[in-house]
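These numbers come from a predicted model, not from an experiment. Here, residue 1 is the first one in the sequence, and each next residue gets the next number.
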Amino acid sequence: MELRFETRASDSPWVEAVWTCTSGRVAEMTSVATVCWGLVFWERDGTAYACVTGPETGTGHAPVPEGATFLGIEFGVGTSLRAVPTPALVDRGIELPDATRRSFRLDGARWETPGADDAEALVDRLVRAGSLVRDPLVAEVRRGHRPPVSGRTVERRFRAATGLTQGAVRQIERTRRASGLLAAGVPVADVVAGLGYFDEPHLARSLRRYVGRTARQLRERTGGAIALDLGQRTTS
């Protein structure tokens with residue numbers, strides 16, 4: 001049972017990562033918490049599909065079509081679709097109609113279905129058309145800057161743009177980083193110290209809540225298929 005991921009970073013300020021995946025001998029996977037919304041395209045038995053995925057605040061189980069190939073674009077925190085605000089996507093997704101191998105429909109228009117190497121070209125077209133928007137304050141806060149507005153205003157705008165609180169984003173991102181380190185063989189104590197967890201039980205609770213795995217399962221790659229790229233480092 002496996003999901004074979006390949007993930008790369010992006011030089012687009014709108015995109016967090018681009019990934020591809022193939023499924024083999026797996027019927028179900030553990031979905032994990034994520035702070036990003038995305039566009040996902042997949043094909044199985046000659047039929048094409050497309051959907052918008054939202055941020056996820058916890059773990060769950062999702063069916064996986066065997067023998068399918070996937071392409072995903074994860075958008076940066078603070079970006080939004082004009083047609084569907086990100087808060088409306090939290091813990092849910094939207095299947096896009098009339099998808100084919102060549103095109104899909106979004107925001108009242110048809111767009112060319114991208115490949116792994118030209119995902120940013122699609123994003124650029126969506127930006128130019130006004131279908132993608134973002135709150136610059138969120139990007140500023142993410143870079144560690146303190147904008148000249150109240151903390152309450154920052155939190156309100158952050159949640160309006162992302163559907164999540166700043167605290168939730170930090171916790172989810174930290175747990176995903178911890179998962180990658182544990183899967184790479186980093187000792188639990190080093191992960192606790194390096195990422196600022198109070199102690200090992202604190203890390204264990206976060207893993208259970210956001211990834212649905214124990215440290216041992218991540219290290220030994222057990223527990224079944226998981227919607228998280230633990231197989232290799234992200235490349236640029």
A.B. asks: Flag this pair as yes if the NZ/CZ of R174 is under 6.0 angstrom from the six-membered ring centre of Y210 and inside a 45 degree cone about the axis; otherwise no.
C.D. replies: no
A.B. asks: Sorted by first residue and then second, give each salt bridge (charged side-chain N to carboxylate O under 4.0 Å, His left out) pair with at least one member in residues 91-100; sequence neighbours left out.
C.D. replies: D98-R105
A.B. asks: Do we see a donor-acceptor contact under 3.5 Å between the side chains of T113 and R102?
C.D. replies: no
A.B. asks: Judged by atom type as modelled, is there a donor-acceptor pair below 3.5 Å linking the side chain of R82 to the main-chain atoms of D107?
C.D. replies: no
A.B. asks: Do T57 and P55 have side chains that get closer than 4.5 Å, going by heavy atoms?
C.D. replies: no
A.B. asks: Under 3.5 Å, is there a donor-acceptor pair between the S206 and Q171 side chains?
C.D. replies: no
A.B. asks: Kindly work out whether a path of hydrophobic side-chain contacts (I/L/V/M/F/W/Y, heavy atoms less than 4.5 Å apart) joins F75 to V169.
C.D. replies: no
A.B. asks: Compute the ring centroids of F41 and F70, then answer whether they are less than 6.0 Å apart.
C.D. replies: no
A.B. asks: Which pairs with one or both residues in residues 37-54 pass salt bridge (charged side-chain N to carboxylate O under 4.0 Å, His left out), sequence neighbours excluded?
C.D. replies: E43-R101
A.B. asks: With a 4.5 Å heavy-atom cut-off, do R134 and W14 have their side chains touching?
C.D. replies: yes
A.B. asks: Can you tell me how far apart CD1 (I226) and CD (Q217) are? Round to the nearest 0.5 Å.
C.D. replies: 8.5 Å
A.B. asks: Tell me yes or no: between the side chains of R4 and T22, is some donor less than 3.5 Å from an acceptor?
C.D. replies: yes
A.B. asks: What closest approach, in Å, do P114 and L122 show between heavy atoms, and which atom pair accounts for it?
C.D. replies: CG-CD2, 3.7 Å
A.B. asks: Do you reckon I94 sits in the same ILVMFWY cluster as L81, going by side-chain contacts under 4.5 Å, direct or chained?
C.D. replies: yes
A.B. asks: Run S80 and T86 through side chain to side chain donor-acceptor pair (under 3.5 Å) and show every step you take.
C.D. replies: CA-CA 6 Å; S80 299; T86 303; 3.2 Å; yes
A.B. asks: For the residue pair R213 / T30, report whether a side-chain donor-acceptor contact shorter than 3.5 Å exists.
C.D. replies: yes
A.B. asks: Measure the acute angle between the ring planes of H202 and Y197, then classify it against the limits of 30° and 60° as parallel, tilted or perpendicular.
C.D. replies: perpendicular
A.B. asks: For T79 and W37, what are the C-alpha separation, side-chain angles and deciding distance, and is it a side chain to side chain donor-acceptor pair (under 3.5 Å)?
C.D. replies: CA-CA 9 Å; T79 66; W37 68 275; 3.0 Å; yes
A.B. asks: Determine the minimum heavy-atom distance between D135 and L137, stating which atoms define it.
C.D. replies: OD1-N, 2.9 Å
A.B. asks: Would R8 pass as a cation-pi partner of W19, given that its NZ or CZ must be under 6.0 Å from the six-membered ring centre and within 45 degrees of the axis?
C.D. replies: no
A.B. asks: Would a 4.5 Å heavy-atom cut-off, applied to side chains only, mark E120 and S10 as touching?
C.D. replies: yes
